[in-house]
2 protein chains.
Amino acid sequence: MPPRTTAASAEKRRAILDAAVRVFAERGFNHCRVSDIADEAGVAYGLVYHYFKSKDGILDEVFLERWALMLEVIEEAAGDDALSVRDRLAKVATFIVESYGRHPDVMQVVIVEVTRQANTFGRKHWATIQDAHAGLARIVERAQESGELRGDIPPSFAAIVFYGGIEQVLTSWIFDTAPSTPDDRRAAVSNLVETICGGLDPR
Amino acid sequence: MPPRTTAASAEKRRAILDAAVRVFAERGFNHCRVSDIADEAGVAYGLVYHYFKSKDGILDEVFLERWALMLEVIEEAAGDDALSVRDRLAKVATFIVESYGRHPDVMQVVIVEVTRQANTFGRKHWATIQDAHAGLARIVERAQESGELRGDIPPSFAAIVFYGGIEQVLTSWIFDTAPSTPDDRRAAVSNLVETICGGLDPR
DNA sequence: CGGTCGGTTGATTGACCAGTCAATCGGGAA
DNA sequence: TTCCCGATTGACTGGTCAATCAACCGACCG
């Protein structure tokens with residue numbers, strides 16, 4: 001939430017935010033200096049603090065900005081009555097996986113530095129993270145009510161497994177330096193949905 | 001790897017290691033001081049460095065000790081010819097989940113401070129972490145070969161989703177302060193195996 | 001042309017902490 | 001009893017960095 005600003009200063013703010021994402025992705029939040037961000041953005045050290053409250057605040061903003069988009073997609077998938085459960089889940093998975101394809105640095109930062117940081121940022125944003133689980137759980141629950149899915153697995157459990165599955169897949173892409181290809185990403189979505197819905201038992 | 005020691009000194013070493021687990025679990029690896037560990041163990045600061053190379057080294061040892069047990073269980077589950085896939089997967093899941101039941105601090109540290117720390121310890125131990133994925137993948141692969149599971153989902157993918165699912169369940173137990181009950185744990189195992197093998201589609 | 005006020009600069013401050021080290025202790029061997 | 005050596009102590013060093021702040025710049029207004 002910048003104070004009222006000119007277009008030029010808004011751009012500079014954005015430049016710092018983008019630079020921060022690159023630096024966080026490359027060095028990790030804990031192992032980079034604020035001066036690295038300033039250097040990467042090509043501005044003076046102090047300017048970072050003109051636009052942001054603190055180093056933590058920058059990461060918070062990166063996370064919240066991205067996570068809000070995902071929550072929107074989940075709501076959208078849950079609300080669209082024309083979709084099957086598989087389509088709904090595929091829509092969410094596709095958004096996450098394609099976010100990684102288009103903005104690997106942002107997604108790496110969101111997952112590695114926030115979502116998986118149980119003691120620091122993960123705890124701070126736990127309620128927000130849970131909003132996503134809750135949204136997924138609602139998708140499952142409704143499908144159970146309509147008979148589209150079996151009713152004997154708790155929806156919140158299914159949601160956690162589904163989300164945990166995606167996160168682990170992204171994590172493995174992030175760790176192994178080879179980037180995912182578009183085909184990898186499409187395959188991951190359909191395999192995930194097929195595993196969770198269809199199960200691994202023989203057809 | 002302590003140098004040759006008397007029984008008494010081995011005990012003291014153990015006491016420091018146990019104290020470290022408690023401190024890491026409570027404050028987080030990055031937000032505790034080595035002096036916290038020394039205080040918790042009731043020994044002088046310097047003694048920690050008599051028994052361990054560094055603060056990092058302590059965490060490494062906590063992780064490796066526990067992870068080795070898990071790898072053993074995975075090997076055991078993979079090797080026991082009398083077991084069905086579901087039993088094999090349940091055996092692994094039960095071990096993990098019951099480890100949490102018996103040693104919540106240790107498991108919290110292993111997961112929160114190592115396994116999920118993609119930029120620091122997670123990367124350092126990535127190969128070891130992958131050993132677990134590989135073991136699970138082998139279980140799936142063999143079951144596919146015997147026709148016990150469908151063959152069109154890559155085993156390594158299934159393994160990652162399975163492991164990611166457990167980890168996310170444990171994470172949610174860790175974040176929400178309410179401890180898991182024995183019933184929660186049993187239910188988690190059977191729900192996980194049932195979700196992954198049977199799928200969420202109606203029976 | 002003087003004044004104002006964001007925007008911009010980077011040196012400095014203050015706090016934090018891992019790891020070192022020289023000194024001391026104490027139990028068993030000679 | 002003396003000596004030796006591992007065990008034990010905790011003060012201290014060196015380095016790191018987030019955040020502050022006082023000063024400077026320059027565009028626009030009156």
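Letters go in sequence order (proteins before strands), and every chain restarts at 1.
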Go through the structure and list residues passing side chain to side chain contact (heavy atoms under 4.5 Å, CB included) with Asp60(B), not counting sequence neighbours.
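Counting only residues at least two positions away or on another chain, Asp60(B) forms a side chain to side chain contact (heavy atoms under 4.5 Å, CB included) with Phe121(B), Lys124(B), His125(B).
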I'd like to check the side chain to side chain contact (heavy atoms under 4.5 Å, CB included) partners of Asn30(B); sequence neighbours left out, ordered by chain and number.
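Expected list: none.
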Nucleotide nearest Ser9(B) when distance is taken to its side chain, options dG19(C), dA7(D), dG10(D):
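From the listed options, dA7(D) comes nearest.
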Of the nucleotides dG19(C), dT9(C), dA19(D), which has the atom closest to the Lys55(A) side chain?
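Of the options given, the side chain of Lys55(A) lies nearest dA19(D).
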Provide the full list of side chain to side chain donor-acceptor pair (under 3.5 Å) pairs with a residue in residues 85-96 of chain A, sequence neighbours left out, each pair given once.
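Counting only pairs at least two positions apart or across chains, the side chain to side chain donor-acceptor pair (under 3.5 Å) contacts touching residues 85-96 of chain A are Glu76(A)-Lys91(A), Ser84(A)-Asp87(A), Arg86(A)-Glu194(A), Arg86(A)-Asp201(B).
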Atom pairs and distances, donor-acceptor, side-chain atoms in residues 38-45 of chain B, under 3.5 Å, two or more places apart:
residue: Glu40(B); atom: OE2; partner: Arg22(B); partner atom: NH1; Å: 2.3

Integer-rounded Å distance: [N] [atom2] and [X] [atom1]:
X        : N       : atom1 : atom2 : result
Arg13(A) : dG6(C)  : CZ    : P     : 17 Å
Glu11(A) : dT8(C)  : CD    : P     : 11 Å
Tyr51(A) : dA19(D) : OH    : C1'   : 18 Å
Leu47(B) : dT24(C) : CG    : C1'   : 14 Å

For residues 15-41 of chain A, which residues have at least one heavy atom under 4.0 Å from DNA chain D?
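Residues of residues 15-41 of chain A under 4.0 Å from DNA chain D: Cys32(A), Arg33(A), Val34(A).
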Phosphate-side-chain proximity, His50(B) and dA7(D), N/O vs OP1/OP2 below 4.0 Å:
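His50(B) to dA7(D) OP1/OP2: side-chain N or O found under 4.0 Å.
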Would you please confirm or rule out a distance under 4.0 Å between OP1 or OP2 of dA7(D) and any side-chain N or O of Lys12(B)?
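The answer is no; no side-chain N or O of Lys12(B) sits under 4.0 Å from OP1 or OP2.
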Using a 4.0 Å cut-off on protein heavy atoms (strictly under), produce a 5'-to-3' string for nucleotides 20-28 of chain D with B for base contact, S for backbone-only sugar-phosphate contact, and - for none.
B--------
Could you spell out the base pairing of DNA chain C in dot-bracket, with Watson-Crick or G-U pairs whose two distances are under 3.5 Å, [ ] crossing and | to another strand?
||||||||||||||||||||||||||||||
So do Lys55(B) and Phe29(B) actually touch side chain to side chain, heavy atoms under 4.5 Å?
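They are in contact (side-chain heavy atoms under 4.5 Å apart), so the answer is yes.
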For the residue pair His31(B) and Thr120(A), establish whether any side-chain heavy-atom pair is separated by less than 4.5 Å.
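They are in side-chain contact.
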Once salt bridge (Lys or Arg N to Asp or Glu O under 4.0 Å) is applied, what residue pairs with a partner in residues 92-117 of chain A remain, sequence neighbours excluded?
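Qualifying pairs, neighbours excluded: Glu98(A)-Arg185(A), Arg116(A)-Glu167(A), Arg116(A)-Glu167(B).
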If a pair satisfies salt bridge (Lys or Arg N to Asp or Glu O under 4.0 Å) and one of its residues is in residues 152-163 of chain A, list it, with sequence neighbours excluded.
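Matches after skipping sequence neighbours: Arg150(A)-Asp152(A).
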List for me each residue that meets side chain to side chain donor-acceptor pair (under 3.5 Å) alongside Ser146(B), sequence neighbours excluded, and say none if there are none.
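Per chain and number, Ser146(B) pairs via side chain to side chain donor-acceptor pair (under 3.5 Å) with no residue.
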Ring pair (Phe, Tyr, Trp, His ring centres under 6.0 Å): which pairs involve residues 162-193 of chain B, sequence neighbours left out?
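Residue pairs passing ring pair (Phe, Tyr, Trp, His ring centres under 6.0 Å), neighbours aside: Trp126(A)-Phe175(B), Tyr100(B)-Trp173(B), His133(B)-Tyr163(B).
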Sequence neighbours excluded - ring pair (Phe, Tyr, Trp, His ring centres under 6.0 Å) pairs with any residue from residues 70-97 of chain A:
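The answer is none; no pair qualifies.
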